[in-house]
Amino acid sequence: MRKKQFKTESKKLLDMMINSIYTHKEIFLRELISNASDAIDKLYFRSLTDDSVSLGHSDYSIFININKEEKTLKISDNGCGMTAEELENNLGTIAKSGSFDFKREGDKGDDVDIIGQFGVGFYSAFMVADKIEVVSRPFGAEVANKWTSEGVDGYTIEECGKESFGTEITLYIKEDGEDEKYSEFLEEYRIRGLIRKYSDYIRYPIKMPVTRREKVEGTENEYKNVTTVETLNSMVPIWKKAQSEVTDEEYKSFYGEKFYDFEGPLKVITQKSEGTATYTALLFIPKRAPYNYYTKEYEKGLELYSSGVMIMEKCADLLPDYFGFVRGIVDSSDLSLNISREILQHDRQLKVMAKAIEKKIKSELEKMMRTDREEYDKFFDAFGIQLKYGVYADYGMNADNLKDLLLFHSSGEGNKYVSLKEYVDGMKDEQKAIYYAAGESIDKIEILPQVATVKAKGYEVLYLTDDVDEFALKLLGKYQDKEFKNVTAEALDLLTEDEKEAEKSKNESSEEMLTFMKEAIGKVSAVKWNGALAEHAVCLSSEGDLSLEMAKILKKMPGAEMGVPSASVVLEINMNHPIAEKLAALYESDKDRLAKYAKVLFGEACLIGGVALDDPKEFTSLVSELMI
Ligand code: ADP
């Protein structure tokens, strides 16, 4: 029989499994049992609409057989089975190729990371077995097929007999090595322990013949071996158990297997509701965003069950977009088993559940923020941007609901995150507004001249580093009656009445000169004196609704070539800086030179304001020219 080759990437993964030094080899059993359970789910699901499948829920089971002489471990199920073609496609190629292609940031790329972070499925069996046979007969088919592989050099598929439908997997367990005891996987107690640890909630009985020595009745010390079939799992779905009955380890392993994230969740949320809607929910907040989270590929949604039977893998309607990172399960007795997607979408009950789930997630996040701030900061690092989009999306419909979950870096100690409430609570008595500055990074924001000015007043400044930030704040408009003010965008109102007066009259008296400079630059809507700048000679600001940073972001958006509004840029010059006198003198003596000064000052303001120079060549030539 001709041996077939594995696909390249499957081969890589397989090779890694065979040679893995991974300490959690035991997970292979969980993977195989979960596959068996999925296969039964598929057949059971079919039985709901297909009369030819006459089995009821209780007819299904998963069997484990240990044969110590032959050193084999068998896992069989009476699920949907696989055709020869399916054996080829499912076992010859790695199913979740995504898990192999995409390593997360910071991964060193060794096997521990990959096995640890992603479910590796069927192939994990090669961590403990040097040969695997899969005999499978699809429901309704006459013939069965046998898939055999001893590892990387390929596999064979041949027709064979099998009494009934389903799949039987035989693992030929490896010989014990110096450090590795594979033979433990042929011990009943070990298998029993593993089932309890990883697969207790599986909804079908996992059965195993268990042999015990029993005294022969009526004798003194005569014993015989008695074999009985025992069910090893409790079959209570983990989400039906009270949180206090489940260990962190169990949640972690369930979550890992279900959502392919073996780092464990940041937070587990359980909810049990009776009344307008009856359901239990088991929800997880991941530690990190999945690799595809911020792409179109990511599908939000919760797994939906009707009384213990899965009816939809990703029910998107159960989660608002801004909580799309939540993974989990909702099990309700209110929904009918064969409800269609279309009907489900309009189901009143589902809407009630979605509302209650959203409320629960929000209140849990608020609690985390209050009681475990470090954890919340981590959460916000991973998913905060999603919440900010939530504020902005749908014309700010949810802005009010989400505003207290937001965090921003600030000019405070260590640039730590602050919430809007914390900011307002820390405001000075005379402080009127919530000040913020936007830019590409904290470093770039910190050098903005206006930030220095506001900080010199003793006010805190929020640092907005995400593109969406300023748009979100604009939609919020105010927080606790305090307006948001971009330090580079609006009149900041930081001067005393006298200072204000002085600034105003200086602007009026130099109007002609300022207009001359504006025209010389040609790219600004005004040139003004500023009496509040703390140390810098110049800064860039904007007039009107569109800030410099927002204009920059709009320009980056797809479709921007068609034209986007640009900000009205203002060059502000520190009226208390020695440059002020120099400019006035030049206006009298050498207007040509003043024009050049104006351009250079504008260039300076752009540089420190984080705005790209339109014409760097002109700027550098002018600087050199003025030096000579
Ligand atoms: P995953 O289960 O995550 O998709 P696996 O590598 O574990 O990845 O399995 C690949 C595929 O093989 C499964 O998706 C399923 O279609 C099929 N399969 C595995 N085990 C069984 C089984 N016991 N019965 C039927 N199909 C199975």
Side-chain angles (χ1 to χ4, degrees), residues 6-7 9-18 20 25 27-47 53 55 60-65 73-102 114-115 117-129 132-141 144-149 151 155 157 162 164-171 198-199 202-207 253-262 290 303 310 313-314 327:
F6 287 102
K7 300 258 158 65
E9 53 171 14
S10 311
K11 209 162 163 170
K12 272 195 262 173
L13 184 66
L14 200 64
D15 193 38
M16 228 166 61
M17 287 298 142
I18 292 166
S20 106
K25 291 180 190 261
I27 57 144
F28 81 93
L29 190 61
R30 170 189 78 189
E31 300 288 326
L32 296 184
I33 286 185
S34 143
N35 281 348
S37 166
D38 289 348
I40 297 178
D41 270 345
K42 274 183 207 154
L43 191 57
Y44 178 60
F45 197 59
R46 204 174 122 189
S47 75
V53 192
L55 287 85
Y60 294 102
S61 61
I62 298 165
F63 247 93
I64 298 185
N65 282 288
L73 181 66
K74 243 183 221 175
I75 295 110
S76 7
D77 64 69
N78 53 353
C80 61
M82 284 177 273
T83 61
E85 199 184 333
E86 283 166 338
L87 280 167
E88 167 106 41
N89 290 336
N90 295 338
L91 307 183
T93 346
I94 155 170
K96 291 176 294 296
S97 56
S99 62
F100 197 51
D101 283 348
F102 290 90
I114 294 190
I115 301 171
Q117 289 183 11
F118 306 104
V120 283
F122 172 75
Y123 285 178
S124 61
F126 278 106
M127 291 198 290
V128 300
I132 300 179
E133 282 171 9
V134 181
V135 174
S136 197
R137 186 176 137 192
F139 182 84
N145 286 282
K146 177 153 92 177
W147 180 98
T148 311
S149 170
Y155 59 89
I157 296 178
K162 184 176 185 311
S164 64
F165 61 91
T167 302
E168 184 178 281
I169 298 178
T170 308
L171 309 184
Y198 292 116
S199 312
I202 294 284
R203 286 178 303 109
Y204 306 100
I206 303 168
K207 296 179 178 170
S253 117
F254 174 80
Y255 166 76
E257 191 206 331
K258 192 114 217 145
F259 302 110
Y260 308 116
D261 177 3
F262 290 89
E303 246 182 49
M310 204 227 281
E313 219 174 313
K314 281 207 170 136
R327 322 296 291 269

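As the structure lists them, so they are numbered: ligands from 1, and atoms in each ligand from 1. Because only heavy atoms are used, hydrogens play no part in the values below, and waters and symmetry mates are left out as well, while side chains stay in.
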Out of curiosity, Ser124 OG to Phe126 CZ, how far, rounded to the nearest 0.5 Å?
10.0 Å
Region of Thr167 engaging ligand 1 - heavy atom pairs below 4.0 Å
side chain
Short N or O distance, Asp38 and ligand 1, threshold 3.5 Å exclusive
no
Roughly how far, to the nearest 0.5 Å, is the OH atom of Tyr204 from the CG atom of Asp41?
3.5 Å
Side-chain donor-acceptor pair present, Glu88, Tyr155, cut-off under 3.5 Å:
yes
Between Tyr60 and Asp77, is there a side-chain donor-acceptor contact under 3.5 Å, judged purely by atom types and distance?
no
Atom pair CD1 (Ile169) and CD1 (Ile64), whose distance is rounded to the nearest 0.5 Å:
11.0 Å
Between ligand 1 and Phe122, is the shortest N or O to N or O distance under 3.5 Å?
yes
Within the structure, is a non-hydrogen atom of Met82 found at a distance of less than 4.0 Å from ligand 1?
yes
Heavy-atom count around Lys162 NZ within 6.0 Å, excluding the residue itself: above 12?
yes
With a 4.0 Å cut-off on heavy atoms, does Tyr260 reach ligand 1?
yes
Using a strict 4.0 Å cut-off to heavy atoms of Ala39, name the atoms of ligand 1 that fall inside it.
22 (C), 24 (N), 25 (C)
Option with minimal heavy-atom separation from atom 15 (C) of ligand 1, where the choices are Val134, Leu32, Asn90, Leu91
Asn90
